[in-house]
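Okay, structure first, notes after.
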Amino acid sequence: MKWTEFAGWGRRVADWAQDYHLNVGDRPVRAQTKPGEVLNALPVAPPETPEDMEQVFRDFEEIVMPGITHWQHPRFFAYFNSNAAAPSVLAEFLVSAIAPQCMLWQTSPAATEMETRMMDWLRQSLALPQGFAGVIQDSASTATLAAVLTMREKALNWTGNQQGLPGQVPLRVYASSEVHTSIDRAIWISGIGQDNLVRVPIKGDWRGMDPAALEVAIKADLEAGLKPAGVILCVGGTGTGATDPIAECLAVAQKYGLYTHVDAAWAGSAMICPEFRHYWTGVEGADSIVFNPHKWLGAQFDCSAHFVRNPEDLVRTLAISPEYLKTHGAEGVVNYSEWSVPLGRRFRALKLWFLIRAYGLEGLRERIRNHVKWSGQLHDKLAAHPDIKIVTAPMWSLFTFRYAPGGVADLDDLNIRLVNAINDDGRIYLTQTRVDGDLVIRFQAGQFETTEKDVMMAYDVIIEIAEGLER
């Protein structure tokens with residue numbers, strides 16, 4: 001393709017994208033293809049000569065699209081949504097066109113300085129104090145890894161990167177059983193090791209960490225000659241929306257001088273609404289906080305907002321500056337590659353700029369508030385059904401339930417068959433989790449364009465398919 005042909009194809013793709021988003025609700029939510037179906041439709045060997053773009057685009061529609069699970073579907077109620085609001089998509093189009101590599105200030109000053117400003121816009125939106133600075137990571141997993149590496153280095157008096165972990169006193173990191181598995185991966189990659197991730201018991205309706213149990217665990221490790229390094233707290237866990245009592249847990253961590261990281265990947269977006277901030281009271285005392293605007297706020301994936309109280313600690317952990325990465329003649333500039341694990345960086349701030357300006361904070365708040373309200377209405381309707389048992393109450397727009405008609409010996413089997421049947425049906429998409437050992441069904445509303453009708457339709461689908469199952 002020549003650039004002289006690009007505009008025509010760009011218009012065609014834009015028309016296709018608009019039609020897709022306007023009509024995606026007519027498609028089955030989850031891909032209906034069988035394993036290997038797409039693979040077998042693709043040629044084994046690459047073409048030796050150019051192929052016509054008409055054929056390439058036709059194959060995209062006929063081969064690729066049937067194998068896509070539609071995350072932008074208004075009845076995608078599984079996992080947590082990965083959204084793509086229209087202004088964000090336009091920004092990504094522009095970023096793809098100019099294709100900057102934003103590792104240093106000098107390699108794209110606009111990208112660096114817009115990232116600084118957009119992260120401060122987000123800080124203000126969440127009502128975090130001015131002391132926090134931010135960087136856009138690709139995902140919460142990367143932000144958590146950066147936090148774990150920082151807590152490792154601080155605990156080792158900044159010797160870990162140079163000397164490694166062999167011969168060091170084992171480090172200990174504390175989290176509840178409700179945290180995301182990205183915490184486990186960060187522990188692995190950092191070299192701390194799975195055996196040194198201490199699972200602190202939970203209690204209460206929020207299924208949050210027990211602060212007293214946290215202190216007991218820290219004291220036991222100190223007495224055993226181990227070295228506590230940090231605490232990872234959860235606000236809106238993936239399974240049930242579990243949320244730790246932030247202020248109480250931070251008080252314990254600070255008593256023992258431990259680095260603290262708060263993972264609010266999903267629920268952090270809701271904190272632009274003042275009425276939800278009681279869920280993370282005390283968060284201003286954390287060393288590190290992460291949330292994903294690409295989940296509930298509407299930004300195109302990938303876009304993870306990572307706030308740190310002391311950027312110097314993060315930079316000291318991750319920065320490496322060979323001569324070819326130095327910027328001479330420009331004092332006081334920020335190089336965000338020194339705040340991140342990868343050297344290469346995308347221009348992610350532009351989609352936040354487009355998104356926030358196009359909707360305003362109040363427009364974004366309205367969407368989140370609607371999702372919470374509509375999910376609560378669905379919860380109440382399901383709770384009134386005699387064969388539905390609510391397992392965990394709504395946390396924002398997430399709750400879990402279990403189909404539990406009388407006389408069924410294996411409810412786990414019945415509920416996994418229900419989830420599979422619902423997803424094979426295609427009208428809605430749900431996922432399962434486990435609560436205290438029992439298999440339960442998750443529901444969460446968060447797709448940017450979903451409506452009250454879409455959410456309430458889930459009741460009809462769930463009950464219709466449940467009542468048609470063989471017991």
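Numbers for residues simply follow the sequence, beginning at 1.
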Subject >> Side chain to side chain, F291 and V262, heavy atoms closer than 4.5 Å >> reply: no

Original post:
So do the side chains of L398 and R442 get within less than 4.5 Å of each other, counting heavy atoms only?
Top reply: yes

Original post:
Between W339 and Y336, how do the two ring planes meet: parallel, tilted or perpendicular, split at 30° and 60°?
Top reply: perpendicular

Original post:
Short question: side chain of T281, backbone of Y279 - any donor-acceptor pair under 3.5 Å?
Top reply: no

Original post:
Applying salt bridge (charged side-chain N to carboxylate O under 4.0 Å, His left out), which residue pairs with at least one partner in residues 68-89 are found, sequence neighbours left out?
Top reply: R75-D454

Original post:
Does CD belonging to Q194 count more than 12 external heavy atoms closer than 6.0 Å?
Top reply: yes

**OP:** Can you run down the side chain to side chain donor-acceptor pair (under 3.5 Å) pairs that involve residues 162-183, sequence neighbours left out, and say none if there aren't any?
**Re:** R172-N196, R172-D221, Y174-D221, E178-R207, H180-S182

Original post:
Minimum heavy-atom separation for A155 to L171, with atom names?
Top reply: CB-CD2, 4.0 Å

**OP:** Run the salt-bridge test on E338 and R316 with the 4.0 Å N-O cut-off and return the result as yes or no.
**Re:** no

Subject >> Nearest heavy-atom neighbours spanning L352 and A299 >> reply: CD2-CB, 4.2 Å

Original post:
Has the side chain of N81 got a donor or acceptor atom that lies under 3.5 Å from a matching backbone atom of G446?
Top reply: yes

Original post:
Parallel, tilted or perpendicular for F80 and W266, by the 30°/60° rule?
Top reply: parallel

Original post:
Taking the inter-plane angle between the rings of Y79 and W71 on a 0 to 90° scale, is it parallel (under 30°), tilted (30 to 60°) or perpendicular (over 60°)?
Top reply: parallel

Subject >> The single option from T240, D438, T392 passing side chain to side chain donor-acceptor pair (under 3.5 Å) against T400 >> reply: T392

Original post:
Without hydrogens or angle criteria, can the side chains of Q444 and S375 be said to hold a donor-acceptor pair below 3.5 Å?
Top reply: no

Original post:
Can you tell me if T159 uses its side chain to pair, donor with acceptor, with the backbone of L156 under 3.5 Å?
Top reply: yes

**OP:** Pick out which of W353, F354, F448 makes a ring-ring contact (aromatic ring centres under 6.0 Å, His included) with Y359.
**Re:** F448

**OP:** Output, in order, the C-alpha distance, side-chain angles, deciding distance and verdict of side-chain hydrogen bond (donor to acceptor under 3.5 Å, both in side chains) for Q130 and D120.
**Re:** CA-CA 8 Å; Q130 283 191 343; D120 197 61; over 6 Å; no

Original post:
Quick one: are L258 and V173 in side-chain contact, heavy atoms under 4.5 Å?
Top reply: no

**OP:** Quick one: closest heavy-atom pair of M271 and F276, and the distance?
**Re:** SD-O, 3.3 Å

Subject >> Summary of salt bridge (charged side-chain N to carboxylate O under 4.0 Å, His left out) pairs that have at least one residue in residues 344-354, sequence neighbours excluded >> reply: E92-R346, E92-K351, E115-R345, D302-R346, D302-R348

Original post:
Under 4.5 Å between any side-chain heavy atoms of F76 and T69, yes or no?
Top reply: yes

Original post:
Among all residues two or more places apart in sequence or in another chain, which pass the salt bridge (charged side-chain N to carboxylate O under 4.0 Å, His left out) test with R367?
Top reply: E449

Original post:
Under 3.5 Å, is there a donor-acceptor pair between the T144 and H261 side chains?
Top reply: yes

Original post:
Hey, are R417 and D413 close enough for a salt bridge, meaning a charged N less than 4.0 Å from a carboxylate O?
Top reply: yes

**OP:** Report yes if some heavy atom in the side chain of D313 is under 4.5 Å from a heavy atom in the side chain of V308; otherwise report no.
**Re:** no

Subject >> Ion pair check, R402 and D412, cut-off under 4.0 Å >> reply: yes

Original post:
Donor-acceptor pair, N292 side chain versus H294 backbone, under 3.5 Å?
Top reply: no

Original post:
What pair of heavy atoms forms the shortest contact from P211 to K203, and how long is it?
Top reply: CD-CE, 4.4 Å

Original post:
Which atoms form the tightest heavy-atom contact between L122 and P293, and what is the distance?
Top reply: CD1-CG, 4.1 Å

Subject >> Short N-O contact, R369 and E366, less than 4.0 angstrom >> reply: no

Subject >> Close side-chain approach of L165 to R152, heavy-atom, < 4.5 Å >> reply: yes

Subject >> Main-chain N/O of Q447 paired to H371 side chain as donor or acceptor, under 3.5 Å >> reply: yes

Original post:
Can you list the residues that meet the side-chain contact (heavy atoms from CB on, under 4.5 Å) rule with I463, with sequence neighbours excluded?
Top reply: L382, H385, I388, Y459, E467

Original post:
Do any N or O atoms from the side chain of D263 and from the backbone of V235 form a donor-acceptor pair under 3.5 angstrom?
Top reply: no

Original post:
Sub-3.5 Å donor-acceptor pair from the side chain of T260 to the main-chain atoms of D287, do we have one?
Top reply: yes

**OP:** May I have all residue pairs that pass salt bridge (charged side-chain N to carboxylate O under 4.0 Å, His left out) and include part of residues 277-286, sequence neighbours excluded?
**Re:** none

Subject >> Test: D424 and R30 ion pair at under 4.0 Å >> reply: yes

Original post:
Side-chain donor-acceptor pair under 3.5 Å between S288 and H306, yes or no?
Top reply: yes

